[in-house]
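All remarks here apply to the structure that follows.
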Amino acid sequence: MKIKGLLQDIGGASRVTKARLGAMRSASLVADTFDPIGAVAEEWHPSVLRLVVTEIRSAGPTAKTVRLQKAGGGKLPPFYAGQFISLAFVLDGHVLCRPYSICSAPFEARREPGYVEITVRRKADGLVSDYVNDRLQVGDRLQGSMGHGQFFYEPLRDAKRIVGLAVGVGVTPFLSMAKEIRNGTLDADLTILYDASTEDIIRKDELDALACGRVRVVYVRPEDRDADGRLSADCIRQFSEGDTSYFLCGPQETVQGLREELKACGVPARRIRAEVTGQPTDIAQAAGYPAEQKNETYQLTVVRGVHRDVIPAKASESLVVACERAGILLLTDCRSGACGFCRTKVLQGKYYVCPENDGRRAADREFDYVHACATYPLSDMTIKIPIV
Ligand code: FES
């Protein structure tokens, strides 16, 4: 600051003081609480979305597509094609959270009114999937949050040419990508290699309608599979030209097998992105799991504040599933060990964490924090979970 002289500086300071006092006297006594940055953040990343089911339709012999809109109307938050929505269902008085890939496109969410669609396949012992297929009604209200996950095309990270290896209901994120490409709002070339039994193809009519221009859909034939029933390396090579990113989506065991197949084809790890649909069907098949303990049931003590519940926990089911069976709410998001939403402190006991799903930070490993959706008890255990 330039010094102008003692008297001039004192005069300047007193003018500023006078102006400030004047502004304070004329100010409103009611605080202006509007926070423009917070308002934008809440619109784009709301912590809780209140949704209403506006349409339910068949998506094939074993699946249904559910359309959700914002209760009260309006646009839905932006997301990337390939991301998922986490929904909370109240079943028999218990809250169960489930992630579903969004199969509608981002541009459809930003319409007025916007919507998202999920496709849910019925499965054996599928508590929530059966509920969605049999009991969910148009007009039902749900809470959720979106868009989650890293399974989307990012031009700085991925090759513009994408091969999507989809198994079963794992085709849903590719539907979203294909629509976005066809809309001209996603600049990529997509080949969907879809592995499903011919009688049970999800949303086949829509897939066929999307297949032109930069989107290609290839249904895997029996001769495209190897001796283990997986998509063969030869088949994958047919669709690999130049720099290609591979997006894998399906059951954990299949995704792991495909990942190995791609590595054997010389695809670098940075060109492989994977998303698993649901938890492993048989954890005893996972690397390092002590298969002889698979049929054991242990006592799980769950500490929530001053509450202590002792519940049974099967060695073959994750801690999250044990809590859900006992009606204890443990919030989840991805349910595949990746996001850390179900981070839980282990106070005592032995456990197994599936290495493919071990998304813990090094510090969490050191201090016995686990992601409960990817952790299986191998002895009686005590865990401490947040109160929600
Ligand atoms: S819910 Fe994401 S890590 Fe468990």
Side-chain angles (χ1 to χ4, degrees), residues 45 47-49 79-80 82-89 91 94-102 118 120 126-129 142-152 169-170 172-173 248-252 255-256 273-281 283 286 289 300 302-304 311 313-347 349 351-378 381 383-388:
H45 307 288
S47 39
V48 178
L49 269 174
F79 68 98
Y80 291 110
Q83 286 191 305
F84 66 86
I85 184 169
S86 179
L87 294 172
F89 298 85
L91 266 69
H94 302 315
V95 179
L96 300 176
C97 302
R98 291 290 183 275
Y100 293 105
S101 290
I102 301 170
I118 57 168
V120 182
L127 203 57
V128 177
S129 58
L142 299 172
Q143 285 193 7
S145 60
M146 59 184 276
H148 302 290
Q150 300 298 315
F151 195 72
F152 57 86
V169 78
T172 48
L248 325 177
C249 190
Q252 169 144 345
V255 163
Q256 186 54 25
R273 313 204 65 74
E275 181 108 308
V276 296
T277 52
Q279 302 200 306
T281 43
I283 192 62
Y289 183 88
L300 177 64
V302 184
V303 179
R304 283 177 293 171
I311 61 172
K314 294 182 187 174
S316 57
E317 290 182 341
S318 69
L319 300 177
V320 157
V321 174
C323 288
E324 285 176 347
R325 285 193 191 285
I328 296 173
L329 178 58
L330 182 49
L331 289 179
T332 58
D333 204 348
C334 70
R335 295 179 77 86
S336 59
C339 71
F341 210 67
C342 61
R343 184 171 171 269
T344 296
K345 171 75 177 162
V346 176
L347 300 176
Y351 54 88
Y352 169 82
V353 178
C354 183
E356 279 86 42
N357 291 351
D358 191 357
R360 289 175 298 167
R361 297 173 298 184
D364 281 351
R365 286 198 195 113
E366 191 173 336
F367 293 104
D368 260 346
Y369 281 90
V370 294
H371 295 176
C373 65
T375 304
Y376 298 77
L378 295 179
M381 286 183 76
I383 59 172
K384 187 176 175 189
I385 65 170
I387 305 168
V388 282

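These numbers come from the heavy atoms of this one structure, side chains and all, not from hydrogens, waters or symmetry mates. Every number for a ligand or one of its atoms is a count from 1 in the order of the listing.
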- Opening angle at atom 4 (Fe) of ligand 1 [SG, C342; SG, C373; to 10 degrees]: 100°

- Message: Residue-level breakdown please: for R335 versus ligand 1, do any non-hydrogen atoms fall below 4.0 Å on the side chain, on the backbone, on both, or on neither?
- Response: backbone

- What part of A372, side chain, backbone, both or neither, has a heavy atom within less than 4.0 angstrom of ligand 1? neither

- Item | Audit row: R98, R335, side-chain contact (heavy atoms from CB on, under 4.5 Å) steps and yes/no | CA-CA 8 Å; R98 291 290 183 275; R335 295 179 77 86; 3.0 Å; yes

- Note on the structure: Within 4.0 Å of some non-hydrogen atom of G340, the atoms of ligand 1 are 2 (Fe), 3 (S)

- For G337, atoms of ligand 1 separated by under 4.0 Å from a heavy atom: 3 (S)

- Item | Sub-4.0 Å heavy-atom contact, A338 with ligand 1 | yes

- Is the number of heavy atoms from other residues, nucleotides or ligands under 6.0 Å of K384 NZ greater than 12? no

- Message: When you measure from atom 4 (Fe) of ligand 1 to the N, O or S atoms of C339, does any of those distances fall below 2.8 Å?
- Response: no

- Could you check whether the rings of Y352 and Y376 sit parallel, tilted or perpendicular, using 30° and 60° as the cut-offs? tilted

- Task: State, yes or no, whether a side-chain contact exists between K345 and D368 at a heavy-atom distance under 4.5 Å.
- Result: yes

- Query: What residue among D358, T344, L319 forms side-chain contact (heavy atoms from CB on, under 4.5 Å) with T375?
  - Reply: L319

- Task: Would you please test L330 and I328 for side-chain contact (heavy atoms from CB on, under 4.5 Å) and show each step?
- Result: CA-CA 6 Å; L330 182 49; I328 296 173; 5.6 Å; no

